[in-house]
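Reading through the structure tokens given below for one structure.
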Amino acid sequence: DNPGMEWLAFERFAATWKDYEAAYGYQEMFYWKMGRAGLCFVVTGMYGIILSSKLIIPNWTDLVNGDEVEEDLAEEEEELPESPTWAPNTWKRAHWLWTGVMFNAYYNFLLEFSYWPIFSQQVYSFIVGMYFLDIFIAMGLESMLCESLLIAPIDVCINVIENTMTMGAASFVDFMVSFMVGLSITMIDRLYLGPAVDTVTTLIPRWKMMFRRKFQARRRMTREEKAAEELEWRRINEEIELSAEGVEPLLGAYSGYSVEVTAMLIFPFLNMFMMWFPMETQITIKYGISTFMSKYFIFALYLPLFQLILDVFILNTQELVFGWKVYDYVSYQRYRFSVRDQRWMMNSKVLDESIAESLQTLDLMCFSEQYYFLVALISFGMLLVTMGVTTFINTNYNFFGDPVMPVIVVIMLLYLDFLQHMLFRAADIRVRKLKWRGLWMTKQIEGTVDDDVAVKLAIGEGRQADLEQERLELQALNSERFRHRFLERNRPWILQHLVELLTPRSLEQPGHDGRPVVEYVRDVYAELMAMGEGTRKPGDRDDISSDDEDEMERARASWPRAPLKGAALVIARLWLDKARKRRAFTRHIQGLMLAQKKDACDLTGRTEAMGAKLVCTLATNGKPDKNAIDDLIAGFEEAYGPNERDVNLWKAYFRGHAEFITVDQAILDANERERVARQSQRPPGAGRATRADDVSSDSEEEDCAFDPLVVVRTSSEGRMLSKWLPPPRERG
């Protein structure tokens with residue numbers, strides 16, 4: 001329009017070296033401008049994807065302090081030599097970027113396919129067919145990327161492109177009907193088909209091994225090969241059961257829901273983009289909806305409001321059908337995000353190793369606003385690349401043959417770098433009057449929780465009840481009584497993780513009293529072991545015993561702390577190893593026993609509604625047996641050796657040999673009382689024959705007379721006699 005400003009749009013420069021000196025008309029110049037606009041789309045999209053790759057795949061080695069790195073390297077037995085070619089983090093990013101670029105070709109294929117007349121005629125059939133195609137695509141992505149967080153942006157793009165394809169229906173009514181078909185498929189998928197597909201996918205390894213066992217060539221196997229095959233079979237079954245018992249099904253289902261929500265929120269922006277650039281993309285023109293594109297935009301704009309309401313019903317239905325605690329899980333993730341240590345969640349580097357490895361980074365993001373921001377940013381970048389490639393196809397533009405292509409790329413990169421810098425600066429702006437401390441700023445960065453409470457108390461803000469509650473909580477946390485109760489309640493956990501908090505180097509250092517730290521830790525360990533009911537406190541009188549005091553507890557508290565030697569050390573280590581193994585094996589099967597709990601008692605038929613407190617315990621021949629765990633451990637050691645401690649192998653053996661019974665807790669208490677009473681009352685023996693020396697004559701003289709023995713009741717002998725004398729006197 002302005003001839004003097006043509007050089008800003010590079011209109012005077014041809015887009016091909018062949019026509020650089022030749023004359024060209026307005027139509028050629030128009031297509032060149034459209035193609036160069038598509039180049040700007042591609043550069044912007046790739047810039048956003050590459051920038052986001054550092055956020056979604058962070059280099060955690062750069063986030064560790066130097067002291068921690070040195071300590072970790074000192075503890076490692078073998079260190080890898082430094083090499084510029086060993087960069088697994090860079091390889092992972094490059095692999096993810098390459099996968100995203102390849103799928104951009106798939107997005108363009110879907111768009112080009114939607115222009116065909118056969119698609120508008122059979123739009124409903126193609127929608128159903130693409131659903132089953134997406135299942136195989138998801139399986140391929142899982143095998144290529146192995147992380148659900150990396151797969152999420154690609155799934156969002158597929159969802160948005162498929163929604164865009166429905167706009168190619170013959171009329172707006174057909175578009176609405178196709179949307180209802182897709183919505184029905186989504187509901188069925190999230191409630192029935194999706195969990196069924198996940199179950200089948202999980203069972204595939206078991207079926208493959210069964211097929212291999214049945215149809216492989218018959219050959220003789222050695223004992224080691226049979227043991228390895230049996231171990232592999234048990235491992236597969238264990239993984240299948242763990243995947244069904246853990247949080248993985250809920251996490252996978254909620255991940256699919258988050259992908260659909262993100263695609264639904266991006267779809268209006270893509271419609272707006274196609275309205276702003278109709279000549280460049282030509283999508284609305286080929287669909288024949290350019291004149292009334294506003295209807296589709298309004299539909300996409302109002303859709304999220306009603307879709308989110310429907311999602312509430314679907315999530316509640318999933319919670320009822322599958323027993324998933326969706327609300328509790330989301331509330332917990334919101335709490336985790338609010339108390340995070342790092343401003344960007346992916347910098348935390350603390351993964352939950354109790355869930356599947358492919359879902360750990362997804363769980364780390366806590367489905368927070370950072371997760372939706374990151375997925376939306378990457379997805380929109382991929383869609384911009386798709387729109388740019390579509391522009392190249394429609395305008396026959398070859399950016400490799402454009403002489404001004406390097407200039408356009410450099411200008412766009414400089415502009416995007418400047419925009420990135422300005423946005424980062426804007427994220428750190430603080431507005432104290434609005435209590436805005438910056439985007440995603442954590443409380444740990446600004447101050448401690450105690451400081452926040454102190455500010456509220458000083459200024460007088462907030463509700464009085466909340467302030468009083470916070471004051472009481474702070475007072476309780478700072479009291480010695482709370483700390484002692486905390487140690488008593490969490491003593492097993494502290495003892496279990498004490499070894500993880502102390503390194504050999506720290507144990508060798510001298511303490512505050514000049515002794516080695518290892519001796520101080522040994523004393524603290526003994527005090528923790530002696531802590532509990534019945535243990536004497538400083539100032540207690542020796543002649544007054546507690547009603548709940550146990551002689552064994554007192555004896556254990558007074559054991560000598562000198563190191564054992566010789567046979568005593570061997571016996572102590574043997575029994576300590578057995579006790580630790582029994583405790584560890586029992587802890588691993590708690591979830592399995594809880595899953596076997598029934599709704600009614602197997603002996604009386606009473607339910608919890610009748611007032612019974614049901615527990616699942618081990619049994620022998622249909623009767624509760626508290627020693628059954630020892631028999632199972634003995635059988636496990638006999639089958640696999642006393643040194644075998646594989647958790648999966650133990651669980652598999654436990655499932656195959658354990659016998660469960662659900663009983664009322666009152667029955668177990670009655671059995672225990674009966675056992676204690678039976679032990680306290682010694683049954684009369686058969687007796688022995690009377691010997692001649694046992695019958696005394698009246699004429700016999702007493703050989704000797706014993707003086708009365710005086711025993712102090714508070715001494716060890718006195719307490720022992722006080723326990724032994726009452727039963728014979730009662731029987732006598």
Check for me whether the distance between the ring centres of Y257 and Y254 falls short of 6.0 Å.
yes
Could you tell me whether F636 and Y640 have their ring centroids closer than 6.0 angstrom?
yes
State which residues pass side chain to side chain donor-acceptor pair (under 3.5 Å) with D577; sequence neighbours excluded, sorted by chain then number.
R645
Residue set satisfying side chain to side chain donor-acceptor pair (under 3.5 Å) with D328, at least two apart, ordered chain then number -> none
Measure the shortest side-chain to side-chain distance between [X] and [Y] over non-hydrogen atoms and say whether it is less than 4.5 angstrom.
X	Y	result
T662	V615	no
V330	Q333	no
Y371	C366	no
L359	D363	no
T186	Y131	no
I589	W650	yes
Q307	V261	no
Y329	V247	yes

Under a 4.0 Å threshold between the charged nitrogen and the carboxylate oxygen, would [Y] count as salt-bridged to [X]?
X	Y	result
E608	K597	yes
D630	R582	yes
R606	D599	no

Before you tell me yes or no, could you show the steps for L603 and I667 under side-chain contact (heavy atoms from CB on, under 4.5 Å), namely the whole-Å CA-CA distance, both residues' side-chain angles and the distance that decides it to 0.1 Å?
CA-CA 9 Å; L603 300 179; I667 298 178; 4.3 Å; yes
More than 12 heavy atoms of other residues, nucleotides or ligands under 6.0 Å from CD of Q590: yes or no?
yes
Within a radius of less than 6.0 Å around CZ of F322, do more than 12 heavy atoms belonging to other residues, nucleotides or ligands occur?
yes
Just verifying a value: how many Å separate [X] [atom1] and [Y] [atom2], rounded to the nearest 0.5 Å?
X	Y	atom1	atom2	answer
L310	L183	CG	CG	5.5 Å
R234	R655	CZ	CZ	11.0 Å
H588	M593	NE2	CE	15.0 Å
R336	M365	CZ	CE	11.0 Å
L315	Q318	CG	CD	5.5 Å
D134	D155	CG	CG	8.0 Å

Distance-only donor-acceptor pairs under 3.5 Å for side chains of residues 193-210, two or more places apart:
{"residue": "T199", "atom": "OG1", "partner": "P195", "partner atom": "O", "Å": "2.8"}
{"residue": "T201", "atom": "OG1", "partner": "V197", "partner atom": "O", "Å": "2.7"}
{"residue": "T202", "atom": "OG1", "partner": "D198", "partner atom": "O", "Å": "2.7"}
{"residue": "R206", "atom": "NE", "partner": "N237", "partner atom": "OD1", "Å": "3.0"}
{"residue": "R206", "atom": "NH2", "partner": "N237", "partner atom": "OD1", "Å": "3.3"}

Between I661 and L618 the two heavy atoms that sit nearest each other are CG2-O, 4.2 Å
Heavy atoms only: give me the nearest L614-T607 pair and the separation to one decimal.
CD1-CA, 4.4 Å
For E147 and S358, run side chain to side chain donor-acceptor pair (under 3.5 Å): C-alpha distance rounded to whole Å, both residues' side-chain angles, the deciding distance at 0.1 Å, then the answer.
CA-CA 4 Å; E147 282 191 26; S358 61; over 6 Å; no
Does [Y] offer a backbone N or O that forms a donor-acceptor pair with the side chain of [X] under 3.5 Å?
X	Y	result
S348	M345	no
T317	F313	yes
T604	C601	no

Aromatic plane relationship, Y653 with H657 - under 30° parallel, 30 to 60° tilted, over 60° perpendicular:
parallel
Partner set under salt bridge (charged side-chain N to carboxylate O under 4.0 Å, His left out) for D311, not counting sequence neighbours
R190
Using salt bridge (charged side-chain N to carboxylate O under 4.0 Å, His left out) as the criterion, list what pairs up with E142, not counting sequence neighbours.
none
So L250 and V326, side-chain contact (heavy atoms from CB on, under 4.5 Å) or not? Walk me through it.
CA-CA 7 Å; L250 169 60; V326 181; 3.7 Å; yes
Report all side-chain donor-acceptor pairs from residues 619-629 shorter than 3.5 Å, counting only partners two or more places apart or in another chain.
{"residue": "T620", "atom": "OG1", "partner": "D625", "partner atom": "OD2", "Å": "2.9"}
{"residue": "D625", "atom": "OD1", "partner": "N627", "partner atom": "N", "Å": "3.0"}

Kindly confirm or rule out a cation-pi arrangement of R334 over F337, judged by NZ or CZ under 6.0 Å from the six-membered ring centre and within 45° of its axis?
no
